[in-house]
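Just so it is clear, the values below take in all heavy atoms, side chains as well, and ignore hydrogens, waters and symmetry mates. Just so we're on the same page: letters track the sequence lines, and every chain starts at 1.
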Amino acid sequence: MEYQFRAIEKKWQTIWQEKKAYKVSNESTKPKAYVLDMFPYPSGAGLHVGHPLGYIASDIYSRYKRLKGFNVLHPMGYDAFGLPAEQYAIEHGVHPTKSTYDNINNFRKQLDNIGFCFDWDREVKTCDASYYKWTQWIFLQLFNSYFDKQQSKARPIDILETAFEKQGNANHICPADASLSFTANDWKAYSEKEKQTILMQYRLAFCGYGEVNWCAALGTVLANDEVINGFSERGGHPVEKKKLRQWYLRITEYADRLLSGLDTIQFSEAMKEMQSNWIGRSEGAEIDFAIQGHAGSLKVYTTRPDTIFGVDFMVVAPEHTLIESITPNTHKAAVAEYIGYVKSRSERERISEKKITGCFTGAYVTNPFNNALIPVWISEYVLAGYGTGAIMAVPCGDDRDFKFAQHFNIPITNIIGAAFNGEEANPTKEGILSNSDFLNGMVQKKAIAIVTQKLEAMGIGKSKINYRMRDAAFSRQRYWGEPFPIKWKDGIAYPLAEKELPLLLPTVDNYSPGPEGEGPLANIASWKAEHYETNTMPGFAGSSWYFLRYMDTANDTEFCSRKASDYWGQVDLYIGGTEHAVGHLLYSRMWTKVLFDLGHIGFDEPFKKLLNQGMIQGSSRFVYRIRGTQKFVSSGLKHAHEVDALHVDVNIVDGVELDTAAFTKWKPDYAKAEFILEDGKYICGVEVEKMSKSKFNTVNPDDLVEKYGADTFRMYEMFLGPVEQSKPWDTKGIEGVHRFLKKCWRLFFDEIKGKVWVDEAPTAAELKVLHKAIKKIEEDTERYSFNTAVSSFMICVNELADLNCHKKEILSPLVILLTPYAPHFAEELWQVLGMKGLVVDAAYPVFDAQYVMETAKEYPISINGKLRANILIALDASEDEVRAIVLDNEVVKKWVEDKPIKKLIFVKGKMVNIVI
RNA sequence: GCCUUGGUGGUGGAACUGGUAGACACGCAGGACUUAAAAUCCUGUGGGCCGCAACGCCCGUGCGGGUUCGAUUCCCGCCUGAGGCACCA
């Protein structure tokens, strides 16, 4: 009987479904484990082999935890709102609801094929009204809350209103405008609109104005990615910065807690580093510089007030509101021209530009300590959104300022003596200050506080903590997203009542943008008539809390009952790509903190442990067409011709050799293709790039499952390498894993004899092989080293085959070990062995060290660090005994000759090194 | 440009805490079985040198330095691939 994987896999998938084998209850006496994947966006291209990598890893871990006696929550769903469905609707007229649900059905079919243990009763789709009702509800919690700085937590906004009525805002500094100040009487005298405008500046979800990349021709806002050199990627239309009304989340209020929370969770150091760099906390000071011949002052933010005497110029962002009024007429034309140039540049281009650009405004400020005149420049590398949008430039201490000064021939003041060599800036804080008046002779880092205090005393500065992170833009001028539960009346935003939720996304005939940068919803007369908000929420809204919904999917009175969230708690293992490092992972952490602060859940970090899966890249193949002909030249000969490289479908290429017959059938264009071969073959070019349909380098898991079975596919994806590592896909090696399963099968069945497994007592050697495997595979699974676990299975089966072992007592624990990795295969063999119940409900075998005891070791003997011999020595030998044995060895004697031995290093159980 | 991360045979990778580099596979070569094929099994396989062979020697983990008895692993500099940089998801 041979290994008929297709029949076996279908059979067990059906049985699992019938028996509800993967249904998970919220009631259990077992300890819980919550194992979660980042849910996919259901794209029209379907699943490619890159998607299941993380899902297989989490599936293995879930099944492993279940065998270890845990009640395991392992759900799946879809992040179903987003731009591609809307784009598709605009281009093809298909409603996003339809295309999204079609895609979901397709994803589901593909996922089912692989045999995952998801509890599908808990499926969530963020575009379902039953789901986004609660996204809207959480938005209202954010809208109706403020961040109390004293308690460092979110609190209901009516507490703040009560406080305002009693004491004004004296104890509640306004996060949006620290200078805002009013008394209780002021507050009482304010109109409703004035009150609401003030409250808006405290809310965690608030409305304001922000700059976006605006493309007038497309009538839409673009991502930085979609803007190339000031023109839209699609269509090549000009793009400009434009101020639009936007919703925001006040995530900056949570900056410190998002930072300190990192200490309580198991993310990789790299991930923590990325998040804290993104948050970018810095301590410094704000300083006001008086403007020459102007009533106002220029406020800058600096982390280095100690360098105040080294300030040679100021740089302000081109968007800075003061520019208009400080620029004298003589410089207006040049400044306007420069601002025009910057307007066409995306933020990305501005900060990554190597070329130094800038423009002198003609204005000067004065140094508050010595009244020196300091010229004011504008340059694109200073961004309006960070700090105060203006910096003081100290060329001797800052690299970018130094290059700027050099480029524009601005004289450089040296305030750190020999520490500055005139060739490059020195950002040290250890320098001894000179040319610095009252600071002369002082170490820089000590001067920071002194300068700040002095500025505070003079009333022109104060210490300030700044964050690089900005508040999160939370509205999109799009259709396919959650409507905001907000009505506008007389310029005031009113939240809908909870019982009015969900506010359903209306059907439209036209997905194109509304007038004046409004979303498509503005095109609907009935929507406008109700004064509903016309923006929708961004893609990250639904994904910021979905892990909570899985705990209590069917609940239609709460987003998730407190009982359910108390039971499941944090996600124990979260698997997904690093591309979400600073987006999704920060937003979901913030939402969790808000829900915790408001008492809706009992933990304030969502993910206890994060595992980042690497990206599976595509390995693209190219053919080379001689320009202007239908002749295709093999890769090795292409240099003799003028050729265009064209992507060719990887599925019609064997390794690098093109199937020329298949190629002529692949596309009608190529029907008449002629080939110039080398050694009788057409060899393709190779490049590793992102897996994408348009590059014809995608590999569909369905085809592989069909050909080799789901279990082979699962193990092969794991065998490719460490889950965390990115690697190009190559189908070639899958045969090896398939052979392994067939070989394993032959421990149970022989093609001719049929059943060969027997009920005999195992030998010591057989038990040793088994227990070695138990130990290694358990350890590897625990540390998510699935690739080495697979190779341990191979070693185990190879050794059992060499021993001719077909004993049930060895094979049945092996089947359990295999269950997480090859569940169908294991289930079938479990039944074959006549074991009770489903193997998914079995108990994990327990390692027993007595079977793997070793008494001696083949020690590697190095001389001066070079391996010269291997000697078998008893493990319990003392160092003196080992020394005697080693020095008596022929090979060792030959190398040592009669030189004195300086040192002998003996590491028990590892190695010996002789130094001569 | 900035942040993060990777680079080991022809290929994917292993070496977990500084201790035998190349486990386990793929591929390739040779052989067995077969009318033939598939399947399966056996042997070899980092590069170089000496050699009939065995034994053995030298080099080798992107490049250049350093620390150490000992470095794929730690430190410094460089080259290079990947991901992210706020409206793609």
5′-ward residue of the pair A/N870/A/R468 relative to RNA chain B: A/N870

How close or far is atom [atom2] of [N] from atom [atom1] of [X], stated in whole angstroms?
| X | N | atom1 | atom2 | value |
| --- | --- | --- | --- | --- |
| A/Y716 | B/C26 | OH | P | 10 Å |
| A/L83 | B/C87 | CG | P | 12 Å |
| A/H584 | B/A86 | NE2 | C1' | 16 Å |
| A/E226 | B/C87 | CD | P | 11 Å |
| A/M274 | B/G6 | CE | P | 10 Å |
| A/R476 | B/A89 | CZ | C1' | 12 Å |
| A/R746 | B/U40 | CZ | C1' | 6 Å |

Once you apply a heavy-atom cut-off of 4.0 Å, does [X] come out as touching a base, just sugar-phosphate, or nothing?
| X | value |
| --- | --- |
| A/K902 | nothing |
| A/A581 | nothing |
| A/S785 | nothing |
| A/Q617 | sugar-phosphate |
| A/Q725 | sugar-phosphate |

Would you say [Y] and [X] are linked by a side-chain donor-acceptor pair, where the criterion is simply a distance under 3.5 Å?
| X | Y | value |
| --- | --- | --- |
| A/T788 | A/S785 | yes |
| A/H237 | A/S232 | no |
| A/W729 | A/T731 | yes |

Which glycosidic conformation, syn or anti, is assigned to B/G9 if syn requires a torsion within 90° of zero? syn

Could you tell me how the ring of A/Y708 sits relative to the ring of A/H738: parallel (under 30°), tilted (30 to 60°) or perpendicular (over 60°)? perpendicular

Angle between ring planes, A/H580 versus A/H584, binned at 30° and 60°: parallel, tilted or perpendicular? perpendicular

Is the phosphate of [N], meaning OP1 or OP2, less than 4.0 Å from a side-chain N or O of [X]?
| X | N | result |
| --- | --- | --- |
| A/R868 | B/G70 | no |
| A/N787 | B/A14 | yes |
| A/K732 | B/G10 | no |
| A/N798 | B/A25 | yes |
| A/K742 | B/U40 | yes |

